[in-house]
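By convention in this document, chain letters (A, B, ...) are assigned in the order of the sequence lines, proteins followed by strands, and residues within each chain are numbered from 1. Note that these values count all heavy atoms, side chains included, but never hydrogens, waters or copies made by symmetry.
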Protein chains: 2
Amino acid sequence: MVPDRFDLRIMKALQKNGALTNGELSELINLSASQCSRRRAALEAAGLIEGYHARLNAKELGFSIRAIIRVNLRMHGQESDKEFSRWVERQEEVQSAFSVSGDADYVLDVRMRDLDSFSQFIHERLLIQPQVAQVRSDFVLKILKDNQALALSTDG
Amino acid sequence: MVPDRFDLRIMKALQKNGALTNGELSELINLSASQCSRRRAALEAAGLIEGYHARLNAKELGFSIRAIIRVNLRMHGQESDKEFSRWVERQEEVQSAFSVSGDADYVLDVRMRDLDSFSQFIHERLLIQPQVAQVRSDFVLKILKDNQALALSTDG
DNA sequence: GGTATCGATGCATCTTTCATGCACGCATGG
DNA sequence: CCATGCGTGCATGAAAGATGCATCGATACC
């Protein structure tokens with residue numbers, strides 16, 4: 001599927017606000033509501049829109065700790081990498097996890113309720129993984145932005 | 001507002017799928033649809049649910065580069081920090097940006113269409129910021145998980 | 001130039017979903 | 001024991017979503 005500029009506008013709008021009605025969308029992008037509905041369905045069917053998600057207020061819910069953790073493994077091989085990946089995927093506190101090229105092997109974005117949980121996670125769960133060689137943590141002091149929105153150029 | 005376990009279940013479900021109807025929600029959490037509607041509205045009004053967002057397929061849309069960039073500033077002061085923050089917020093390619101404690105001063109999560117854009121961003125936009133002293137990039141090779149979902153414990 | 005064909009669009013309609021008034025049940029406190 | 005208040009489910013009117021149909025515009029072909 002090749003999205004045209006209307007599709008791009010729709011996706012851009014829905015990134016910002018996924019609860020827009022087709023009527024509201026139609027005003028924003030200058031197209032009838034029925035067309036918005038059809039295009040939206042097409043974008044979802046084509047997989048360009050992967051889904052809709054509610055964003056929760058982490059602070060209000062008691063998640064006061066956020067940290068970016070860089071992890072190095074002892075050795076590299078399909079086995080240890082795969083095993084570590086599987087382990088990471090099971091950790092609820094890990095919101096995002098990337099295998100990266102650079103100083104580190106993995107970068108994790110984690111959220112916890114308090115320092116105790118964080119310490120417990122690092123020492124009693126992460127560091128005892130046999131593959132893990134080194135762990136360096138950066139605590140998030142302030143979130144400047146957290147869009148999760150792609151920079152689509154609508155060209156007008 | 002103090003969310004009870006039904007509220008937690010609702011939030012958990014809506015994190016996974018923000019397009020659930022109240023009827024579908026009611027089946028998932030064993031509560032009538034009308035109550036789901038009321039509780040949902042309350043959670044939104046209380047700010048526990050901050051909003052709904054569509055997630056787009058980055059690969060399909062041509063964003064093949066993702067990187068975690070660590071930035072160090074030359075000196076620290078309210079001025080340079082604030083100025084850098086403001087600059088970061090204006091950069092569309094920056095999805096998330098954190099001020100952190102640790103080796104780095106800032107961590108940025110960026111997405112680009114290609115290596116040229118990335119190089120251009122680093123050299124012609126980021127490094128020419130007068131506050132910036134050092135930049136280290138980790139390219140994302142593989143996304144193990146990218147939930148953006150908080151680990152709510154529903155206790156049942 | 002004329003015409004046929006195909007996809008995209010807007011309107012109208014039907015269906016689904018949402019929002020809310022109401023009465024009931026349950027708990028707590030007088 | 002009764003009164004009060006909150007949370008709940010049911011039922012109804014309002015809003016939003018989905019879709020058949022006729023029309024419009026563009027392209028291709030004769």
Side-chain angles (χ1 to χ4, degrees), chain A residues 1-62 147-150 152-156, chain B residues 1-57 59-62 148-150 152-156:
Chain A
M1 175 185 187
V2 183
D4 64 7
R5 67 195 166 118
F6 285 114
D7 295 318
L8 288 172
R9 283 190 211 161
I10 289 175
M11 288 190 279
K12 204 166 183 174
L14 290 176
Q15 279 193 131
K16 271 215 284 279
N17 182 1
L20 287 172
T21 67
N22 290 320
E24 292 167 329
L25 253 182
S26 71
E27 292 177 14
L28 287 175
I29 70 176
N30 230 35
L31 202 67
S32 75
S34 60
Q35 267 314 96
C36 289
S37 172
R38 274 189 271 249
R39 282 170 175 273
R40 212 166 137 165
L43 290 168
E44 289 164 12
L48 291 178
I49 294 178
E50 292 181 347
Y52 300 88
H53 303 274
R55 171 161 320 193
L56 306 186
N57 187 325
K59 275 221 180 102
E60 201 68 36
L61 288 165
N147 279 347
Q148 250 64 47
L150 299 176
L152 302 177
S153 54
T154 48
D155 307 330
Chain B
M1 174 185 187
V2 183
D4 64 8
R5 64 194 167 121
F6 286 114
D7 295 317
L8 288 171
R9 283 190 210 161
I10 289 175
M11 289 189 278
K12 203 165 184 174
L14 290 176
Q15 279 194 128
K16 271 215 283 279
N17 183 1
L20 287 172
T21 67
N22 290 320
E24 291 166 330
L25 252 183
S26 71
E27 292 178 13
L28 287 175
I29 69 177
N30 230 34
L31 202 67
S32 74
S34 60
Q35 268 313 97
C36 289
S37 172
R38 273 190 273 251
R39 282 169 177 273
R40 210 165 138 166
L43 290 168
E44 291 163 11
L48 291 178
I49 293 178
E50 292 181 348
Y52 300 87
H53 304 273
R55 174 162 317 194
L56 306 185
N57 187 325
K59 274 220 180 102
E60 201 69 35
L61 288 166
Q148 249 63 48
L150 298 176
L152 303 176
S153 54
T154 48
D155 308 330

Nucleotide-resolved protein contact map, nucleotides 6-22 of chain D, B/S/- at heavy-atom distance under 4.0 Å: -SBBB-----SSSBB--

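Rounded to 10°, the helix from dG1(C)-dC30(D) to dG30(C)-dC1(D) has 20° between the axis fitted to its first five pairs and the one fitted to its last five.
The structure places NE2 of His53(A) at 10.5 Å from CD of Gln148(A), a figure rounded to the nearest 0.5 Å. Taken to the nearest 0.5 Å, the CG atom of Leu152(B) stands 12.5 Å off from the CZ atom of Arg9(B). Rounded to the nearest 0.5 Å, atoms CG (Leu61(B)) and CG (Asp7(A)) are 10.0 Å apart. A distance of 7.5 Å separates CD1 of Ile49(A) from CD1 of Ile10(A), quoted to the nearest 0.5 Å. Residue Gln15(B) holds its CD atom at 4.0 Å from CG of Leu56(A), rounded to the nearest 0.5 Å.
Smallest separation of non-hydrogen atoms from Ala13(A) and Leu28(A): CB-CD1, 4.3 Å.
Among Ile29(A), Leu25(A), Asp4(A), the one residue that satisfies the side-chain contact (heavy atoms from CB on, under 4.5 Å) test with Arg39(A) is Asp4(A).
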